[in-house]
Engineer: 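First, the structure itself, so that you have it in front of you.
All values below come from the heavy atoms of this structure, side chains included, with hydrogens, waters and symmetry mates left out. Here is the naming used below: chain letters follow the sequence lines, and residue numbers restart at 1 for every chain.
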There are 2 protein chains.
Amino acid sequence: MASSPSAARRTRPSADATRDRILAAALDLFADRSFEGATTREIAHRAGVSQPSLNYHFRSKDELWRAAVDGLFAELGATLRARLDGLRGVDEVTTAELVIRDFITFSAAHPQLHRIITQECKGEGERIDWLVDTHVRPLYDVTTSLFSRLAAQGAVPDIPAPFLYYILTGAGPTIFVLAPECRRLAGFDPRRPESVATHADAVVDLLFGRRGAGGPPAP
Amino acid sequence: MASSPSAARRTRPSADATRDRILAAALDLFADRSFEGATTREIAHRAGVSQPSLNYHFRSKDELWRAAVDGLFAELGATLRARLDGLRGVDEVTTAELVIRDFITFSAAHPQLHRIITQECKGEGERIDWLVDTHVRPLYDVTTSLFSRLAAQGAVPDIPAPFLYYILTGAGPTIFVLAPECRRLAGFDPRRPESVATHADAVVDLLFGRRGAGGPPAP
DNA sequence: GTCTATAATTAGATAGAC
DNA sequence: GTCTATCTAATTATAGAC
């Protein structure tokens, strides 16, 4: 998924598989330990290669980080694009609900996305500039303009689109990002399929103003 | 707030002020760079002391981290306790709304809370065990039992309490934790008082099922 | 391409003067 | 208490054999 088999092969065939193993290990460790906290030695060890092998395949730790993040956003983009391609002509409210469910399901399978964005959102830095300009802004623009149209037709509450955006990106992924805490506090793994479904239902019901099943009306 | 002036003074008076400056610097840097990413040299530099001074006041980097986190949760606890003390006899729905607003306001002023919890929620580790057992579980227990009662009387949607808990802890603080991204994407600082109020209104309206206006968009 | 060996830097913690 | 100087270990990156 992160390799590009279409690119002209200037390298040995075995290099692609090695590159992908390094990228997968790098993504996990960068997400868990942050850029500074992850060590190239541990990435190499998890990928089953020597530490200098990383500097052969990637110019630096920084370039390895960017390549790993590229792969993650490529996967998210492919997921959302596949959903939208299958829904041409469907009304916008239904489309929005299904895309939001896809986003939540993706966040459960790949909590690295939210973790890495959170880690880079400290003071300033080149990585957050690159992250926002390259990957986040396109998603933000399409999401907020969709929310504005949904609010205009009364499908979602009349909350300014940037706030709705951050309510969704917080309410959706957080339970999966904090899964180790959730296991300790609540005694269940939120990333199990039943939990993901319950959580997606809850977030969608909340956003689209549906009161959950069965509760008595407020006095 | 983190020093204990009531404790028997076995140290010089100047030590308390130094300790507090170290703790404040440590909290900021641990929150921004994670435990591994923050260096004791930079914490010392920001606090205006030498690096070995940290090892005089705290046994180790690990103990410094715990002391900084203790201070943060003490401040949150004091904030919530003050609110609850002022609301004896008030109905539970009103109490819940005000406490949630306090939590969101606190998260805007102290995004370190959510950042540190997120950072420690990787695989496993002694720090997450300590964090949950010492500080998070009491808050979780009181919050989820409150949510259960509110759901039973129809004040909030009928969503299982653990999911409601993570929807709140995600939807509330995330916009402040991702403030550097928000500034770049939406062009405003979410931590400004008007934005905090708009966001708190939006989250409360959503949780309590009001379709109300979220207020004017921030400039 | 992948390895071992290592260079250059930086980390947390300690020793000891004052 | 606070400092300067320094120890040991771990970090990223490079050199060069195969």
Engineer: With a 4.0 Å cut-off on N to O distance, would you call B:Arg115 and B:Glu120 a salt bridge?
Structural biologist: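 Looking at B:Glu120 together with B:Arg115, the answer is no, because their closest N to O distance does not fall below 4.0 Å.
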Engineer: State which of D:dT2, D:dC3, C:dA11 makes the closest approach to the side chain of B:Arg41.
Structural biologist: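 So the side chain of B:Arg41 is nearest to C:dA11.
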Engineer: So, is A:Thr18 close to the C:dT2 phosphate, meaning a side-chain N or O under 4.0 Å from OP1 or OP2?
Structural biologist: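 So the side chain of A:Thr18 is within the cut-off, an N or O lying under 4.0 Å from OP1 or OP2 of C:dT2.
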Engineer: If you look at every strand shown and take non-hydrogen atoms under 4.0 Å, does B:Ala44 touch a base, only sugar-phosphate, or nothing?
Structural biologist: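 It contacts nothing in the nucleic acid.
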Engineer: Would you mind reading off the distance between B:Arg59 atom CZ and C:dT14 atom P, rounded to a whole angstrom?
Structural biologist: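 The answer, rounded to whole Å, is 11 Å.
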Engineer: In terms of side-chain heavy atoms of B:Pro52, which of C:dT14, D:dT12, C:dC3 is nearest?
Structural biologist: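 So the nucleotide nearest the side chain must be C:dT14.
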Engineer: Is the shortest distance from a Lys or Arg side-chain nitrogen in B:Arg137 or B:Asp133 to a carboxylate oxygen in the other one below 4.0 Å?
Structural biologist: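 Salt bridge between B:Arg137 and B:Asp133, a charged N being under 4.0 Å from a carboxylate O: yes.
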Engineer: Give the rounded distance in Å between these two atoms: CG of A:Leu64 and P of D:dT11.
Structural biologist: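 Going from CG in A:Leu64 over to P in D:dT11 covers 15 Å.
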Engineer: The side chain of A:Thr40 lies closest to which of these nucleotides: D:dC3, C:dT2, D:dT12?
Structural biologist: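 Side chain of A:Thr40 sits closest to D:dT12.
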Engineer: In whole angstroms, how far is the P atom of C:dT2 from the CD atom of A:Gln51?
Structural biologist: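 About 15 Å, once rounded to whole Å.
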Engineer: In whole angstroms, how far is the P atom of C:dG12 from the OH atom of B:Tyr56?
Structural biologist: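 Distance, rounded to whole Å: 21 Å.
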Engineer: Measure from the side-chain N and O atoms of B:Arg21 to the backbone N and O of B:Ala47, and report whether any donor-acceptor pair falls under 3.5 Å.
Structural biologist: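 Here the side-chain-to-backbone pair exists.
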Engineer: Should A:Lys122 and A:Glu36 count as an ion pair when the cut-off is N to O under 4.0 Å?
Structural biologist: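 A salt bridge is present here (some side-chain N lies under 4.0 Å from a carboxylate O).
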Engineer: Starting from P on D:dA13, measure out to CD1 on A:Ile22 and report it in whole angstrom.
Structural biologist: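 For the pair A:Ile22 CD1 and D:dA13 P, the rounded distance is 13 Å.
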Engineer: So A:Thr39, base contact, sugar-phosphate only, or nothing? Heavy-atom distance under 4.0 Å.
Structural biologist: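 The answer is sugar-phosphate, as A:Thr39 gets under 4.0 Å only of primed atoms, P, OP1 or OP2.
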Engineer: Nearest whole angstrom, please: distance from the P of D:dT14 to the CG of A:Asn55.
Structural biologist: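 Checked: the CG to P distance equals 6 Å.
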Engineer: Parallel, tilted or perpendicular: which fits the ring planes of A:Trp130 and A:His135, with parallel below 30° and perpendicular above 60°?
Structural biologist: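 If you compare the ring of A:Trp130 with that of A:His135, the planes turn out perpendicular.
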Engineer: Checking contacts here: which listed nucleotide (D:dT2, C:dG12, C:dT2) is nearest the side-chain heavy atoms of B:His57?
Structural biologist: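 Closest nucleotide among those given: D:dT2.
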Engineer: What is the distance, rounded to the nearest whole Å, between atom CD1 of B:Ile43 and atom P of C:dA13?
Structural biologist: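 Distance, rounded to whole Å: 10 Å.
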Engineer: Within this structure, what is the CD-to-C1' distance between B:Glu42 and C:dT10, rounded to whole angstrom?
Structural biologist: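 From B:Glu42 CD to C:dT10 C1': 13 Å.
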